[in-house]
*Asks:* 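Before I ask anything, here is the structure I am working with.
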Number of protein chains: 2
Amino acid sequence: MSVTIKDVARVAGVSYSTVSKALNNSPLVKEKTKIKILQAAKQLGYQPNFAAKSLVSKKSSIIGVVWPTVERMAWSALATNINDALVKKSYNMLLSINPLASAISIFNQFRVDGILVFQEERTLLESTDIKSTVPILFYGESGSSHYPEINVNRRKAIFEAVRYLAEMGHRRIAYIGDLSHKEANQQEKLIGFSEGIMQFGLVSHPDMAVHVKKLSWEEGFRATKQLLQSSYRPTAIVSASYDLSAGIIRAVRDASLRIPIDISLISYDNIPQMAGLEIPLTAVGTPVDKLAENLVEALLKIIEHPDSIHPFDDIDIELNERASCGPPLK
Amino acid sequence: MSVTIKDVARVAGVSYSTVSKALNNSPLVKEKTKIKILQAAKQLGYQPNFAAKSLVSKKSSIIGVVWPTVERMAWSALATNINDALVKKSYNMLLSINPLASAISIFNQFRVDGILVFQEERTLLESTDIKSTVPILFYGESGSSHYPEINVNRRKAIFEAVRYLAEMGHRRIAYIGDLSHKEANQQEKLIGFSEGIMQFGLVSHPDMAVHVKKLSWEEGFRATKQLLQSSYRPTAIVSASYDLSAGIIRAVRDASLRIPIDISLISYDNIPQMAGLEIPLTAVGTPVDKLAENLVEALLKIIEHPDSIHPFDDIDIELNERASCGPPLK
DNA sequence: TTGTACGCGTTATCAG
DNA sequence: CTGATAACGCGTACAA
């Protein structure tokens with residue numbers, strides 16, 4: 001049914017091995033015949049067969065990405081950026097939203113060149129022991145030390161956010177985020193906040209940190225209402241995620257407070273969408289495009305040298321000033 | 001590097017064709033040797049090579065799904081459900097977030113068994129003429145009539161929502177959604193609303209329909225504030241999407257109105273998450289699980305009979321009563 | 001019940 | 001420059 005190089009060869013009146021060369025732009029083919037072959041190929045609507053190609057070449061030019069069911073904005077943005085970065089390196093990205101073990105199994109059978117795993121919580125992994133011939137890179141907590149992982153330094157990011165506010169003159173800073181100790185990533189952020197408060201000798205208060213069950217805008221909204229009604233009167237808020245921040249803005253405005261005049265807001269998750277909110281948000285974290293490039297680069301490095309050990313540094317964080325922070329009112 | 005059936009054969013002390021049979025659970029192999037082979041395979045960590053397999057069998061057991069950049073909740077839910085439905089039929093799903101043309105090209109080279117395209121706006125498609133040997137099914141507007149497509153009857157869905165409210169006694173109903181005529185899907189919803197208003201002889205008012213630029217919660221929030229401040233005093237709201245509704249609820253509650261006592265709310269997008277909102281929302285639309293099953297079923301039908309024409313009916317809609325609608329206050 | 005041989009669509013190596 | 005031909009890993013008739 002589908003057309004092969006042999007069909008193309010027949011139409012072009014050459015042998016199929018010549019077609020193969022022509023299609024791969026080999027210099028061993030005369031320009032004229034090359035053109036003839038290319039025309040025949042186009043005319044027949046030839047599409048190379050990936051399976052055959054990767055069978056012989058042992059390469060697929062595909063990177064498999066394992067994605068837990070994703071709802072958060074920051075992750076969508078990351079996926080898009082990784083895709084772009086991969087295309088730039090002439091790879092293609094395929095996503096699987098299956099459970100980790102089966103996704104990895106599928107990608108292994110496909111003999112993709114590399115696998116990138118987005119891991120939010122680490123609990124899943126520990127039970128099932130992952131077997132993979134294909135190089136894997138974890139983004140987030142891998143849980144097992146068998147595979148290389150890259151993480152961003154969330155602790156430092158939040159710490160820097162606090163520093164930024166403190167240096168601006170803020171003394172009463174609040175934090176809205178996941179206060180439970182279930183997810184290591186979220187815990188890191190909280191620690192960063194605490195460290196900042198202590199380090200810069202800021203005001204402490206029992207209500208200064210508000211817990212959210214999910215990093216969603218609803219929770220951000222709710223938590224902010226709660227915060228503003230408490231006896232703590234913050235002049236600035238540190239938010240643990242983009243989605244959270246979206247809800248925070250709404251709640252703050254509803255309380256007829258102005259950002260950044262009455263209250264400053266700085267958010268984790270350094271994605272371009274921050275600029276598109278009602279108020280362009282000053283944010284801290286690794287810019288997604290850089291993060292994506294780092295991840296891709298690291299993965300390609302692993303692919304090229306699968307055996308050597310790869311101790312990846314945490315990716316550097318940045319603080320992007322926009323319009324949501326200013327000195328406290330008085 | 002990676003282990004093949006030949007390696008397994010050597011370890012198990014049989015020929016590799018026997019291994020092949022054993023692995024495919026053929027009855028032509030003695031139980032005892034089968035076990036021996038299976039053990040050897042596991043011990044070596046054997047993973048079948050997809051490329052080789054699909055090369056000879058002309059099947060990949062993979063369905064490629066083309067996804068525009070994902071941000072909306074309802075779509076995430078749909079993807080998850082399709083994945084599940086596919087697994088049930090022993091297929092695997094792989095996602096591509098590349099532009100339509102290149103995604104289809106990749107899937108063609110992979111010789112996936114079928115392609116499912118999520119198409120929100122149709123503008124993209126019309127310029128590039130899609131060529132695909134692999135069967136394609138469009139969900140949404142394909143734009144060209146070359147490929148089969150399935151859609152849900154959004155017009156009817158919204159119409160039924162209006163009917164539901166009307167029969168409950170509501171006379172002043174508002175609509176929050178995309179009022180521009182750019183996207184056919186959104187236009188359909190608006191038409192359904194207008195038809196309902198006319199058919200049931202309800203009150204008309206210039207402010208009864210509020211436009212949102214995006215189907216996001218922010219816009220839902222904003223539009224609702226606007227609606228509640230206008231001179232129109234609706235007793236019920238019809239919302240065009242889940243995300244919108246989330247924002248609507250917040251805005252309504254902020255105005256100290258109670259749902260459903262002071263105001264009723266019914267939403268398009270029939271997804272389980274509706275039940276998880278602050279107020280379990282009565283919703284109309286095709287339940288995602290059914291939608292997913294329908295799509296999968298239709299696609300498999302096309303795969304089996306690629307040549308015949310497939311005029312798919314719109315998928316039926318359902319109205320799920322939850323806790324957000326009641327009779328008007330007086 | 002097991003093994004042999006061939007072909008799937010490519011690339012790569014050699015001869016011509 | 002071009003054309004045979006051998007792999008690649010697997011399924012499957014067919015032979016043993």
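In what follows, chains are A, B, ... by sequence order, proteins preceding strands, each numbered from 1.
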*Asks:* Please check if atom NZ in Lys301(A) has more than 12 non-hydrogen atoms from other residues, nucleotides or ligands closer than 6.0 Å.
*Replies:*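 Check fails, neighbour count at 12 or below.
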*Asks:* Taking salt bridge (Lys or Arg N to Asp or Glu O under 4.0 Å) as the definition, give me every residue that meets it alongside Asp84(B), ordered by chain and number, with sequence neighbours left out.
*Replies:*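 Scan of Asp84(B) (salt bridge (Lys or Arg N to Asp or Glu O under 4.0 Å), adjacent residues dropped) gives none.
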*Asks:* Just verifying a value: how many Å separate Met93(B) CE and Leu94(A) CG, rounded to the nearest 0.5 Å?
*Replies:*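 So the CE of Met93(B) and the CG of Leu94(A) are separated by 10.5 Å.
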*Asks:* For nucleotides 10-12 of chain C, list the nitrogen or oxygen atoms of the protein found under 3.5 Å from its nitrogen or oxygen atoms, one pair per line.
*Replies:*
residue : atom : partner  : partner atom : Å
dT10(C) : OP1  : Tyr46(A) : OH           : 2.8
dT10(C) : OP1  : Asn49(A) : N            : 3.2
dT10(C) : OP2  : Ile5(A)  : N            : 2.8
dT10(C) : O5'  : Tyr46(A) : OH           : 3.3
dT11(C) : OP1  : Asn24(A) : ND2          : 3.3
dT11(C) : OP2  : Ser20(A) : OG           : 2.6

*Asks:* Can you name the residues that form a salt bridge (Lys or Arg N to Asp or Glu O under 4.0 Å) with Glu318(B), not counting sequence neighbours?
*Replies:*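 Expected list: Lys290(B).
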*Asks:* To the nearest angstrom, how far is Lys34(B) atom NZ from dT2(C) atom C1'?
*Replies:*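 Distance check: Lys34(B) NZ to dT2(C) C1' gives 14 Å.
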*Asks:* Atom CD1 of Ile35(B) to atom P of dT1(C): distance rounded to whole Å?
*Replies:*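 It is 14 Å, rounded to the nearest whole Å.
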*Asks:* Please state how far atom CG in Leu55(A) lies from atom P in dC10(D), giving the value in whole angstrom units.
*Replies:*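 Going from Leu55(A) (CG) to dC10(D) (P), I get 9 Å.
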*Asks:* Given atom NZ of Lys58(A) and atom C1' of dC10(D), what is their separation to the nearest angstrom?
*Replies:*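 To the nearest whole Å, that distance equals 13 Å.
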*Asks:* Could you give the angle between the helix axes at the two ends of the helix from dT1(C)-dA16(D) to dG16(C)-dC1(D), with five pairs per end, rounded to 10 degrees?
*Replies:*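 About 50°, once rounded to a multiple of 10°.
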*Asks:* With sequence neighbours left out, what residues match Leu291(B) under side-chain contact (heavy atoms from CB on, under 4.5 Å)?
*Replies:*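 Only Leu78(B), Tyr139(B), Val152(B), Thr286(B), Leu295(B), Ile315(B) meet the side-chain contact (heavy atoms from CB on, under 4.5 Å) criterion with Leu291(B).
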*Asks:* The criterion is ring-ring contact (aromatic ring centres under 6.0 Å, His included); which residues satisfy it with Phe50(B), sequence neighbours excluded?
*Replies:*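 By the ring-ring contact (aromatic ring centres under 6.0 Å, His included) rule, Phe50(B) matches Phe110(A).
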*Asks:* If I take atom CD1 in residue Ile37(B) and atom P in nucleotide dC10(D), what distance separates them, rounded to the nearest angstrom?
*Replies:*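 Atom CD1 in Ile37(B) sits about 14 Å away from atom P in dC10(D).
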*Asks:* Please report the distance, rounded to the nearest Å, between CZ in Phe110(A) and P in dG9(D).
*Replies:*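 In whole Å, dG9(D) P and Phe110(A) CZ are 17 Å from each other.
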*Asks:* For dG3(D) and Ser15(A) - does any side-chain N or O of the residue sit under 4.0 Å from the phosphate oxygens OP1/OP2?
*Replies:*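 Yes.
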*Asks:* Could you give the CZ-to-C1' distance, from Phe50(B) to dC8(C), as a whole number of Å?
*Replies:*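 It is 16 Å, rounded to the nearest whole Å.
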*Asks:* Considering residues at least two apart in sequence or located in another chain, which fulfil the salt bridge (Lys or Arg N to Asp or Glu O under 4.0 Å) criterion with Lys89(A)?
*Replies:*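 Here no residue qualifies.
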*Asks:* Quickly work out the Lys36(B) NZ to dT1(C) P distance and round it to whole Å.
*Replies:*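 Rounding to the nearest Å, NZ of Lys36(B) and P of dT1(C) are 14 Å apart.
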*Asks:* Using a cut-off of 4.0 Å on non-hydrogen atoms, how would the nucleic acid contact of Thr33(B) be classed: base, sugar-phosphate, or nothing?
*Replies:*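 Touches sugar-phosphate only.
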*Asks:* Under the salt bridge (Lys or Arg N to Asp or Glu O under 4.0 Å) rule, collect the residues that match up with Lys6(B), sequence neighbours excluded.
*Replies:*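 In terms of salt bridge (Lys or Arg N to Asp or Glu O under 4.0 Å), with neighbours along the sequence ignored, Lys6(B) is linked to no residue.
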*Asks:* Taking side chain to side chain donor-acceptor pair (under 3.5 Å) as the test, write out the residues that go with Ser105(A), two or more places apart.
*Replies:*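 So Ser105(A) forms a side chain to side chain donor-acceptor pair (under 3.5 Å) with Gln109(A).
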